[in-house]
Structures are given as structure tokens and as C-alpha cells.
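Just so we're clear, the structure is a prediction, and the values are computed from it rather than from any experiment.
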Amino acid sequence: MPSSPCSFILPFTPLTKIAIVATASVSPEIEVKMLEKIIPEKFSVPVVFGSECYIPPKNAQEKAERFLSYCLDDSVSHLWSCRGGEGSADIIIYLEENLDKLRQAKPKMLIGFSDFTAILIFFSQKLSWPAVHGMGALQWVRKFPDDLTMSKTLDLVLNKKYPGVLNNLKALNQAGLKVQESKQIIQGELTGGNLTLLSIGIKDSWEIETAGKILFIEDWNEKGYQMQRALKYFYRIKKLENIKALIIGDLMAGRLDPDDFENKKQEEILWRLISVFAEEYLKKIPVFYTPRIGHGNANDPLVLGWDVRLEY
């Protein structure tokens, strides 16, 4: 897999046209149609999308056919997920049926996160298309991501610039602290995404391949025992056995409870249980936390299948 210096230009297809794709839940029509103005203003290229972004298709097959039409359109260079939600994994059976056609199509950059994790893993592992875990297209309308996230996303899409670094990491176990203190360099191929989606991919055609890689996870509004349970499952099925490092992003996306006191309590429980897991189960694997991956307003773009270097 390609390795990276501190910053480099991705050798991907030039930006020509962006298709807004809807593989998960639909969005308000008025917001989707605002992208007709916002995307050309920001990226200086045409944008296309269909009614599937705001009117639910009849079934998964129809949703897949609309998505495939953009995948096979060589005038399109980027496929940007409108939003997350539910349903992306349902179309993968139809993508499998069209693998030969997809292999003949011009590779496109895919961008999104959350439920779109299934699509990113599929295209990264099956076709080696550039799959970017990053902000959804509709977030340009809602202006939800912070300035750094939007700046990095613009630079990646417009200029194909990618830093190839995950920095400002906080160690969550002794193995992580030792690496941090010794300033040991960890570099390797990156993979990961939403933990709930990665879990449902087990034994499916897009099951994540983690061996020898740096794995990152994030999730939304999950309590401590839910995250610890999911990580223990990944440990039991040996998805954490041979990874170079585990990076844990945001798991709350803001609040776990409307009451300030209870929310603080749940947040403390969450990170205590995550730290206990990291220390007890991953004694030889460095585990780190970063607030810059996930459903919060910090969601820096990460390219699956490409090397990153960890900095502390």
C-alpha cells in the first residue's frame, strides 16, 4: 500500500464533477437542493444528485441502481454521501453483482462516514478506490463541522493534499504511554470507521480487514458498556490481534443525557470503561484517543488504505 511523508499529493483522478449520493436515510429536500449552489461555489465544478436524496427509493435494489449509475458515469469524479442514517449495507449485494462493471469504471473518490462506512470499506478493499472517512455533503449546508475540518476537506478534494498524519493523540493504556514517551514512530495502512457498522460487517462480503493495519473507530451517542461490549467482541474474533495501533475517536457526539450532571457522569463512565478495556485486553497494542474523528463538529478526513503516521 502507498506510504506517505508528512504531506503529499494524492495521485487520484482530478476533480471534474461531484455526485451527491444517498445510500442511507433521506434528507429534507430544501437542504439537499441548497447543494446546487454551495458545491459549485466551493469546488468550481458541477454537482448532480437525484430525488433519492430526499424521497426514499422503493427498495434497496432501486437505491443501488441509482448509486451505481453515478459509479459507472465516467464524467463523475467524486461520490459524496449526503448523510448517514441506515441502509447502506443493504445495497452491497447489488454492488457485488456489478463488480465486473465497477472494475472497468473510472475510479472515483468516495467521501462520507457513519452508515456510509459499509460503502467505504467495500470500495477500499474490493476495488482500491480512494475512500475518505469524512464529513457528509449536507454538513456544508448546516455548517456543522469546525473550520479545521472544512479546511482539510477542501484541501483534500480541491488540491488532493493529504497530511498523512494523526496527531495530538492521548494514550489510553500503558502500551500507548510507552510509545509516547519513547517517541516511537508508528506508521501503517489506515482502516476503520463507525464501530456499529464495522460490527454488522462481520461475515459479510465487506468484512473489515485489520491485520497489520492502524485501526480507527468512532460512534454516535453510545454509552460505556455498549462500546466496551463491542470492543470485547472485536477482541474475541481477533480483529484486534495483529493491528499496529487502535485509535478511538469521538463516541458521544455531544451528549449522552440532557441533564448536565448525568451527562458528565456518563462521559466519565464511558472513558473509564474504554481505558479498562485497553489496559486489560490490549497490553501490547498502543491505544490512543483523538477528538478529531467522529460525529461531532471535528471530523478530519482520513483516507482508507493509505499510510498514516502517528504523532503524539
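The closest donor-acceptor contact from the side chain of S77 to the backbone of K17 lies under 3.5 Å. With hydrogens and angles disregarded, a donor-acceptor distance shorter than 3.5 Å links the side chain of E207 to the backbone of K203. Judged by distance alone, the side chain of N98 and the main-chain N or O of L68 form no donor-acceptor pair under 3.5 Å. A side-chain donor-acceptor contact under 3.5 Å links D115 to the backbone of G87.
A 6.0 Å sphere centred on NZ of K223 holds no more than 12 heavy atoms belonging to other residues, nucleotides or ligands. Open room surrounds CD1 on I93; 12 or fewer heavy atoms of other groups in view lie less than 6.0 Å from it. Crowding of W271 atom CH2: a count of heavy atoms from other residues, nucleotides or ligands under 6.0 Å exceeding 12. Remark: K106 NZ is packed, more than 12 non-hydrogen atoms of other residues, nucleotides or ligands lying under 6.0 Å away. Atom CZ of F43 is surrounded by more than 12 heavy atoms from other residues, nucleotides or ligands within 6.0 Å. Within 6.0 Å of OH on Y312 lie more than 12 heavy atoms contributed by other residues, nucleotides or ligands.
Among F12, W129, Y162, the one residue that satisfies the ring pair (Phe, Tyr, Trp, His ring centres under 6.0 Å) test with W306 is F12. H78 pairs in a side chain to side chain contact (heavy atoms under 4.5 Å, CB included) with only one of the listed residues (L110, V21, V157), which is V157. Shown are L166, L169, I214; of these, the side chain to side chain contact (heavy atoms under 4.5 Å, CB included) with I186 is made only by I214.
At least one side-chain heavy atom of L310 sits under 4.5 Å from a side-chain heavy atom of I247. For the pair K126 and E96, the minimum side-chain heavy-atom distance is below 4.5 Å. With a 4.5 Å cut-off on side-chain heavy atoms, E31 and Y54 do not count as touching. For the pair L190/V303, no side-chain contact is recorded, criterion being any heavy-atom separation below 4.5 Å from C-beta on. Taking the side chain as every heavy atom from C-beta outward, L99 and R103 approach each other to under 4.5 Å. Counting heavy atoms from C-beta outward, L172 and F277 have side chains that stay 4.5 Å or more apart. In this structure, Q125 and I208 have side chains that are in contact, with non-hydrogen atoms separated by less than 4.5 Å. When side chains are defined from C-beta on, Y225 does not count as touching Q228, because their heavy atoms never get closer than 4.5 Å.
Scanning all heavy atoms of the two residues, the minimum distance from G188 to K244 falls at CA-NZ, 3.9 Å. Minimum interatomic distance between A298 and P291 (heavy atoms only, all atoms of both residues): CB-O, 3.6 Å. Minimum heavy-atom separation, I20 to C82: CG2-CB, 3.7 Å. Heavy-atom minimum distance, A131 versus L120: CB-O, 3.5 Å. Heavy atoms only, all atoms of each residue included: A24 and G85 are closest at CB-N, 4.0 Å. Pairing each heavy atom of A64 with each of I91, the nearest pair is CB-CB, 3.7 Å.
In this structure, CZ in F234 is found 7.0 Å from CG in L240, a value given to the nearest 0.5 Å. To the nearest 0.5 Å, atom NE2 of residue H133 and atom OG of residue S124 are 12.5 Å apart. Within the model, atoms CG of D250 and CG of N221 stand 10.0 Å from one another, a figure rounded to the nearest 0.5 Å. Between the CE atom in M135 and the CE atom in M150 there is a gap of 6.5 Å [rounded to 0.5 Å]. Taking CG of L197 as the start and CG of L195 as the end, the distance is 9.5 Å to the nearest 0.5 Å. Distance check, rounded to the nearest 0.5 Å: OG1 of T153 to NZ of K42 gives 10.5 Å.
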Task: Pair F49-E36, side chain to side chain contact (heavy atoms under 4.5 Å, CB included): steps then yes or no - done: CA-CA 9 Å; F49 57 82; E36 287 179 312; 3.4 Å; yes
- [ ] Check the pair L15, L158 against side chain to side chain contact (heavy atoms under 4.5 Å, CB included), reporting the backbone distance first and the verdict last.
- [x] CA-CA 7 Å; L15 175 64; L158 278 173; 4.0 Å; yes
Open item on the list: side chain to side chain contact (heavy atoms under 4.5 Å, CB included), that's the test. Do F123 and L102 meet it? Break it down for me.
Closed with: CA-CA 10 Å; F123 277 88; L102 288 167; 4.2 Å; yes
- [ ] Mind running side chain to side chain contact (heavy atoms under 4.5 Å, CB included) on M227 and L270 for me, showing each step along the way?
- [x] CA-CA 8 Å; M227 287 292 91; L270 168 66; 4.0 Å; yes
Task: Trace of the salt bridge (charged side-chain N to carboxylate O under 4.0 Å, His left out) decision for E268 with R272 - done: CA-CA 6 Å; E268 290 172 352; R272 177 172 57 81; over 6 Å; no
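For K238, the salt bridge (Lys or Arg N to Asp or Glu O under 4.0 Å) criterion is met by E241, not counting sequence neighbours. Every residue meeting the side-chain hydrogen bond (donor to acceptor under 3.5 Å, both in side chains) condition with T196, not counting sequence neighbours, appears here in chain and number order: D219. The salt bridge (Lys or Arg N to Asp or Glu O under 4.0 Å) test applied to E52 returns R66, not counting sequence neighbours.
No single ILVMFWY cluster, assembled from side-chain heavy atoms under 4.5 Å apart, contains both L273 and Y235. Residues F113 and L304 do not share a hydrophobic cluster, clusters being chains of Ile/Leu/Val/Met/Phe/Trp/Tyr side chains in contact below 4.5 Å. Using a 4.5 Å cut-off between side-chain heavy atoms of Ile, Leu, Val, Met, Phe, Trp and Tyr, with links allowed through other members, I119 and Y94 fall into different hydrophobic clusters. Hydrophobic cluster membership is shared by L35 and L154, with clusters built from Ile, Leu, Val, Met, Phe, Trp and Tyr side chains linked at under 4.5 angstrom. Both L79 and V48 are members of a single hydrophobic cluster when ILVMFWY side chains are connected at heavy-atom separations under 4.5 Å.
Side-chain polar atoms of T149 and R292 form a donor-acceptor pair below 3.5 angstrom. A donor-acceptor contact closer than 3.5 angstrom is absent between the side chains of T210 and K239.
The pair K152-D155 does not meet the salt-bridge criterion, since no charged nitrogen lies less than 4.0 angstrom from a carboxylate oxygen.
A ring-centre distance under 6.0 Å is not found for W206 and F122.
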